[in-house]
Amino acid sequence: MVNVAILGFGTVGSGVAEVLTGHERSIARKADGLVKLKYILDVRDFPNSPFAPLFVKDFSVIESDPDVDIVVETIGGATVALDFTRRALEAGKSVVTSNKELVATHGYELTQLAREKGVCYLFEASVGGGIPIIRPLSQCLAANEILEIYGILNGTTNYILTRMIRAGLSFEQALKEAQEKGYAERDPSADVEGHDACRKICILSAIAFGRHIYPDQVPTEGITKVTLADVDYADGAGKKIKLLGRAMKMEDGKICAYVAPHLVDCSHPLAGVEDVFNGISVRGDAIGDVMFYGRGAGKLPTASAVVADVMDIARNLGHRKALCWAPGGPDAACGTDGLASRWYIRAEAGADSLRAALGEVKLLARSGAPAGEAACLTESELTQGQLREKLAGLETLSVIRVLN
Ligand code: HSE
C-alpha cells in the first residue's frame with residue numbers, strides 16, 4: 001500500500017482528495033496496489049468534510065511519518081510550499097505538485113534534491129491543467145530536437161479574450177464575468193499580466209531545451225492593454241487576438257522565451273481554442289508539429305494530472321523517475337530583441353503617416369473608428385528595435401505581434 005498526504009485543501013487539493021478516494025478501486029488496479037489518502041494538511045478547519053478525520057495542521061506529522069510515501073503539494077506560491085517540498089524530499093518522500101510558480105522558480109534545485117534522495121518530483125499538472133504535456137514532451141517526444149513551443153497557456157485570459165471577441169465585452173466586463181464564474185481570482189494580476197503563462201513557458205523551456213529559464217528572463221506582457229478596437233481590427237483582417245507563451249532555441253543555442261498577445265490567423269488551430277481551454281503546439285525536428293488541447297484549469301482536470309503522477313510513482317515505487325535539466329544562468333536566455341515578426345499597429349495617425357513610417361502595409365478597417373485613427377499590419381518582418389525606430393514620430397495606441 002502507498003500512503004499519500006495532501007498539502008493544501010483548496011480547489012486542486014480537494015479535487016485530488018475526491019479523485020483519489022472516488023476512484024480508489026480503479027487506481028489500485030492500475031497502480032498495482034492500494035493508494036491511500038492518509039493526511040490532509042490545512043490551517044483551516046473543515047468539520048463537515050467527509051475527509052475531516054484526515055486533517056492535520058502540523059507538517060511535521062507528515063514529515064516524520066515513515067508510512068507516507070508521496071506528498072501532494074497544492075498550496076501554491078513559493079514560500080511555505082518551498083519549505084514543505086524541500087523537507088518532504090529530504091525525508092525521502094516523493095512530491096507531486098501543480099504549483100507552477102514553485103517549479104518555475106525552484107524546479108532545478110528541487111529536481112536535483114529529488115535525484116540525490118532517490119525519489120521523484122513530478123509536476124504534470126503545473127502546465128496545461130489536465131492536458132498531458134510534461135510527460136509527452138519529456139518522454140514521447142524525447143527523440144526530437146525541440147525547435148519551438150508556443151501556445152495558449154492561461155485559461156482565464158483565454159476566457160476573457162473569447163468574451164471580448166464573441167460578445168463584444170470590454171476587458172473590464174469580461175474580467176468581471178471571469179471572476180463571477182470563479183475562473184479569475186479576486187486579484188487577477190498573475191493571469192491578466194501574463195505571469196502565470198510566463199511560469200508555464202519557463203517549465204516547458206526547461207523540459208524542451210534542457211536548461212532552467214527563470215521568469216525574470218522572460219519578457220512578459222499580459223492582456224490588460226488589449227481593447228475592443230484591436231479585437232475589431234483583428235477581426236477585419238481574419239485574425240483573433242490570443243495571449244501566447246512562446247519559446248524557441250536560437251542559432252547561438254540561447255533560448256528565446258516570451259509571453260505576449262498575438263494576432264493569430266483564424267485558419268490556425270489555436271484560433272479555435274476558446275474559453276478556458278488551452279492549446280499547446282510543439283515543433284520537433286523529426287515529428288514536425290504536434291498539438292495538445294484540453295482543459296487548462298479547474299479542479300478535476302488538474303486533479304486528473306496530479307493523481308496520474310501519484311499513480312506513476314506508486315507503480316514504480318523505489319525507482320526514481322528522472323525529470324531534470326541543467327542549471328540556468330544569464331547565458332541561458334536571450335531577450336526578444338533579435339526576434340523578427342510582422343506587427344499590428346494602431347495609431348493616432350492618418351493612413352498616409354503609417355505608410356510613410358512603415359513602407360508597405362495592409363491597412364485595416366473597423367466600424368466606428370474615430371477620425372485620426374488608423375491601423376495596419378506590416379508586410380515585412382521587423383525586430384522590436386527596427387519597429388521602434390520606424391514608429392518614433394507616431395502616437396501609437398497598440399503594437400501587437402502577428403503569429404507567422
Ligand atoms: N489561473 C490559471 C489559468 C490556472 O487560468 O490558466 C491554471 O494554471
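Remember, predicted model here, so these are calculated numbers, not experimental data. For ligands, and for the atoms within them, numbers begin at 1 and follow the listed sequence. Values below: every heavy atom of this structure, side chains too, minus hydrogens, waters and symmetry copies. If you read the sequence from its start, that first residue is 1, and numbering goes on from there.
Annotation: cation-pi pair R115/Y121 absent, no NZ/CZ under 6.0 Å from the ring centroid and within 45° of its normal.
Ring geometry for F84 versus F59: interplanar angle under 30°, hence parallel rather than tilted (30 to 60°).
Shown here are the side-chain hydrogen bond (donor to acceptor under 3.5 Å, both in side chains) partners of R86, two or more places apart in sequence or in another chain: E109. Partners of Y159 by ring pair (Phe, Tyr, Trp, His ring centres under 6.0 Å), not counting sequence neighbours, listed by chain and number: Y183.
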Report, one line per pair, each donor and acceptor closer than 3.5 Å where one atom sits in a side chain of residues 215-225; sequence neighbours left out.
unit_1, atom_1, unit_2, atom_2, d
Q217, OE1, Y214, N, 2.9
Q217, NE2, G329, O, 2.9
T220, OG1, V218, O, 2.8

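Minimum interatomic distance between V127 and K200 (heavy atoms only, all atoms of both residues): CG2-O, 3.9 Å.
Protein residues with any heavy atom under 4.0 Å from ligand 1: K100, N154, G155, T156, D191, D196, K200, G296, A297.
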